[in-house]
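As structure tokens, the structure follows; a few thoughts come after it.
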2 protein chains.
Amino acid sequence: MRLTTKGRYAVTAMLDLALQEGKRPVTLQDIAVNQEISLSYLEQLFAKLRKSGLVQGTRGPGGGYRLARKMDAISIAEVISAVDEKADMTRCGGNADCLDGEKCLTHELWSELSNKIFEFLNGITLGELVHRPEVIAVAERQEAVREGLRTGRLKTVVVEADAIIGNLK
Amino acid sequence: MRLTTKGRYAVTAMLDLALQEGKRPVTLQDIAVNQEISLSYLEQLFAKLRKSGLVQGTRGPGGGYRLARKMDAISIAEVISAVDEKADMTRCGGNADCLDGEKCLTHELWSELSNKIFEFLNGITLGELVHRPEVIAVAERQEAVREGLRTGRLKTVVVEADAIIGNLK
DNA sequence: CTCAAATCCAACCTGTTTACTTGGTTTTCA
DNA sequence: TGAAAACCAAGTAAACAGGTTGGATTTGAG
């Protein structure tokens, strides 16, 4: 179980999906804006999530992504291992032949830790996260922004910000 | 608390030091051979370990490295954070301003995990590892090889291996 | 006293991964 | 039929891993 920002991005995006379950499918554009992740990077992550059977995409206007399963049946560990294909960063990460076909000095230590991390992340589902108070709080703030964008109240602010960013480049 | 092979190398090397505590100082050459880590890479790691006050080196022939403290007073977490200077791989690794100065959706999740990992690694010392049966077993095997090298019993094998490796290059 | 063993130090290098961009093609709803 | 969306392929800058090269300095052992 590797822990990288890649995995974190994936979990954040999946959580965004879970938060909007029941509504129309969520576009990557939407997630990109909300979570501040680049659209094409999201595309790459979601290609893997789709291949792992965690999400399903529907094309065309009105399309987007939905969770492929109930959110209570998707663990954080699953999401992370879907995007972080283990590029054998091992020596002792894996399967006990780290030193001349024998276990190295610290083999047990790392596999013990690895198990603990996996257990932790495997014991938490998207469904559970959705009900956490701090997640709800952040989601409500984001929803307000989203709503503001739709009704046009924040549009001028965004346009101005874009202009400023444009000038900086 | 980042987890990389770099940290693992450091812990393995420090454990080698702990195992030979009381004898003459351990040379990096020695560790390089035993743990199959390149000498110059070890030098870089030990530069950091020394700056963090975990080891002390003595120069000249007969020199080498010793633990700067009792092995029971050195936790695994300390060793890892000595070599893995946190190159802010964050977004949520650290201090809560991951998204527009606010916490991002998954902030609590990652800090909770991070704490768990730290607690685990901070609760284990080199001294404790030294007494684990599986470590003792591996250490004894390595000690046999070391002894064999000193008495010359394995010298011919090593020389032959060197010749083969030379041919391959 | 000298030489070799060792630490110490700085620079460079190759390959991989991360996070992202560019520039498309395809599907499908409005 | 046009545009919104997923899909796809390639390239890229920066960082990091895990070294190598080539020394300099210190110091014990012969």
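Note on naming: letters A, B, ... go to the chains in the order of the sequence lines (proteins, then strands), and numbering restarts at 1 for each one. Predicted model only: the values in this text are computed from it and were never measured.
In the set C:dT18, C:dT7, D:dG18, the nucleotide with an atom closest to the side chain of A:K6 is C:dT18.
Side-chain nitrogen and oxygen atoms of B:Y41 include none within less than 4.0 Å of the OP1 or OP2 phosphate oxygen of C:dC13. Between A:R24 and D:dA4 there is no side-chain N or O to OP1 or OP2 distance below 4.0 Å. A sub-4.0 Å separation between OP1 or OP2 of D:dG19 and a side-chain N or O of B:Y9 is present.
Atom C1' of nucleotide D:dC16 and atom CZ of A:R2 are separated by 11 Å, given to the nearest angstrom. Atom NZ of A:K51 and atom P of D:dC7 are 10 Å apart (whole Å). B:I31 has its CD1 atom 12 Å from the P atom of C:dA6, to the nearest Å. Taking atom CG on A:L3 and atom P on C:dT18, their separation rounds to 12 Å, with Å as the unit. The distance from atom CG of B:L42 to atom P of C:dA6 is 14 Å, rounded to the nearest whole Å. Rounded to whole Å, the distance from CD on B:Q29 to P on C:dT7 is 9 Å.
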| After noting the C-alpha distance and the side-chain angles of B:N122 and B:S75, does the key distance pass the side chain to side chain donor-acceptor pair (under 3.5 Å) rule? | CA-CA 5 Å; B:N122 204 43; B:S75 79; 3.0 Å; yes

| task | Using the side-chain contact (heavy atoms from CB on, under 4.5 Å) rule, take A:E112 and A:H107 through it: C-alpha gap first, then chi angles, then the decisive distance, then the call. | result | CA-CA 9 Å; A:E112 196 182 333; A:H107 183 85; over 6 Å; no

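Under the 4.0 Å criterion applied to side-chain N and carboxylate O atoms, A:E78 and A:R69 are assigned as salt-bridge partners.
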| Nucleic acid footprint by protein, nucleotides 21-30 of chain D - heavy-atom cut-off 4.0 Å, B for base, S for sugar-phosphate alone | B---BBBB--

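Residue order along DNA chain C, read from the 5' end via each residue's closest nucleotide, puts B:Q56 first among A:S38 and B:Q56.
A:F46 comes within contact range of no nucleotide atom at all, as no heavy-atom separation falls under 4.0 Å. Among the heavy atoms of the strands, none lies under 4.0 Å from A:L39.
Proximity of A:L67 to A:L126: side-chain heavy atoms (C-beta onward) are separated by under 4.5 Å at one or more points. Side-chain atoms of A:R66 and A:L17, non-hydrogen and from C-beta on, never get closer than 4.5 Å to each other.
Atom CZ of A:R2 sits about 11.5 Å away from atom CG of B:L3, to the nearest 0.5 Å.
Ring geometry, A:Y9 versus A:Y41: the interplanar angle exceeds 60°, so the pair is classed perpendicular (tilted spans 30 to 60°).
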